[in-house]
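Below: one structure, written as structure tokens.
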Amino acid sequence: MELIELAEKWEYYAKNRFLAAEQEKDDFGKRFIEHGAMCYFNCAQELKAALILSLPLSSTTQLES
């Protein structure tokens, strides 16, 4: 599995858990589900940021530095 696919999968899980949290009647249960969603979302964003930072700079970006 490609790393970008993994990040997208985690974003998908986060979205589904946020939707599930909206359906939860119990306040604690809702917060618990939202916490899990935020964990997936944060991991996805951190992975995406790391992937962007690992990309080689283009020649135009190198000239601007």
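Reckoned from all heavy atoms, side chains included, excluding hydrogens, waters and symmetry mates.
Listed by first and then second residue, the salt bridge (charged side-chain N to carboxylate O under 4.0 Å, His left out) pairs involving residues 40-52 are Glu11-Lys48 (not counting sequence neighbours).
Closest non-hydrogen pair, Leu47 versus Leu3, comes out as CD2-O, 3.5 Å. Shortest non-hydrogen contact noted between Ala14 and Ala37 is CB-O, 3.4 Å. Of all heavy-atom pairs between Ala7 and Ala44, the closest is O-CB, 3.4 Å.
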What pairs of donor and acceptor atoms, side-chain ones from residues 19-31 against any protein atom, are under 3.5 angstrom apart with sequence neighbours left out?
unit_1 : atom_1 : unit_2 : atom_2 : d
Glu24  : OE2    : Asp26  : N      : 3.2
Asp26  : OD2    : Phe28  : N      : 3.4
Asp26  : OD2    : Gly29  : N      : 2.8

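The line from CD1 of Ile52 to CD1 of Ile4 is 7.5 Å long, rounded to the nearest 0.5 Å.
By the side-chain contact (heavy atoms from CB on, under 4.5 Å) test, Tyr13 pairs with Lys9, Trp10, Arg17, Tyr40, sequence neighbours left out.
Here Phe41 sits in one hydrophobic cluster together with Phe18, Met38; the rule is ILVMFWY side chains under 4.5 Å apart, joined directly or through other members.
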